[in-house]
Amino acid sequence: MSSHRPFSLRFKVAATMAVAVALPLSLTACGGGGGGSDEGKIVIGTKFDQPGLGMKNPDGTYSGFDVDVATYVAKELGYEPDKIEFKESPSSQRETLIQNGQVDYVVATYSITDARKEKVSFAGPYLVTGQSLLVKADNTDITGKDSLANNKKLCSVSGSTPAQKIKDEFPSVQLQQYDTYSACIEALKNGAIDAVTTDEVILAGYAAQSPGAFKIVGEPFSEENYGIGLKKDDTELQTKINDALTKMEADGAWKAAFEKNLGPAGIPTPAPPAIAKN
Ligand code: GLU
């Protein structure tokens, strides 16, 4: 992968980091053909606090559908799981982390949008979901997006598509923007806000984590296509990741990962989306 810019750029940016020392080897390993040494690490951005999708567990392991997709793709690129370094990538920082070369790619409930495509490129999509609402289990006055008009306090995350949609289409809602959805969930638990809004798969993960505490209300009111974010116009990496996703969908690993991670949250396994050029 000689023209694989994320590595060389990260090498420049993070030249003082110990990991940088190993990076030239990763170029050799990734260059293909030679096999050779695989000392280099790959740095992948994901969420650390989204159960079922991207979680850093108390024992230091990582789990979730995004983690499994990221791990499968890394393997196809020549990186075994022990060569992966996961870097927390909050919604508002994803483009910057990619642009600065601090991550090689991002698998973090990251919707493909035209605005983001100005700054980064995407492989995928590898999952389709939609914006929804999570309320306390005993809430009766929020039943869907149409109940939001009456000065409801809603929590979402800075830099996310759901927060943007609320600002654009529900101007009377009192939107509180936090850095993470887990912070929104805490605010919902302690009554500081009335509802959390983001993608249905994310909300389902939190609902499953605290059985009986929350419920999802109404129908999804957007379409979110999750992509793997990478450096803008790195078509070589984009093609390699698309090939890996296509393989993951075809060989049953995609379905198995969905069932393992999102099945417990009660989400029926959909057909995997067609991988397109983004
Ligand atoms: N998929 C949406 C987005 O990319 C919401 C989830 C998130 O913030 O990670 O903004």
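We count ligands from 1, going down the list as the structure has it; atoms in each ligand are counted the same way.
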Could you list which atoms of ligand 1 come closer than 4.0 Å to a heavy atom of [X]?
| X | value |
| --- | --- |
| T198 | 5 (C), 6 (C) |
| S160 | 8 (O), 10 (O) |
| Y226 | 1 (N) |
| Y110 | 4 (O) |
| S91 | 7 (C), 8 (O), 9 (O) |
| I202 | 6 (C) |
| A108 | 9 (O) |

| task | State, without any angle test, whether D66 and Y126 hold a side-chain donor-acceptor pair at a distance under 3.5 Å. | result |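 Distance-only check passes for D66 and Y126.
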Distance-only N or O hit between ligand 1 and [X], under 3.5 Å:
| X | result |
| --- | --- |
| T161 | yes |
| K47 | yes |
| R116 | yes |

| task | Indicate, as side chain, backbone, both or neither, the part of R94 found under 4.0 angstrom from ligand 1 when only non-hydrogen atoms are considered. | result | side chain
Does [X] come within less than 4.0 Å of [Y], counting only side-chain N to carboxylate O?
| X | Y | answer |
| --- | --- | --- |
| D141 | K152 | yes |
| K47 | E88 | no |
| K240 | E76 | no |

| note | For I166, the other hydrophobic cluster members (4.5 Å side-chain criterion, sorted by chain and number) are L133, V135, I142, L148, L154, F170, V173, L175, V217, F221
| Pairs touching residues 131-168 that satisfy ring-ring contact (aromatic ring centres under 6.0 Å, His included), sequence neighbours left out | none
| query | Nearest protein heavy-atom contact for atom 5 (C) of ligand 1: which residue, which atom, what distance? | reply |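 In this structure, atom 5 (C) of ligand 1 has D199 OD2, 3.3 Å as its nearest protein heavy atom.
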| What is the ring orientation for F258 with F65, classed by angle as parallel under 30°, tilted 30 to 60°, or perpendicular over 60°? |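 Answer is perpendicular, since the angle exceeds 60°.
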| task | Return the minimal non-hydrogen interatomic distance between S111 and D199, and the atom names on each side. | result | OG-OD2, 4.5 Å
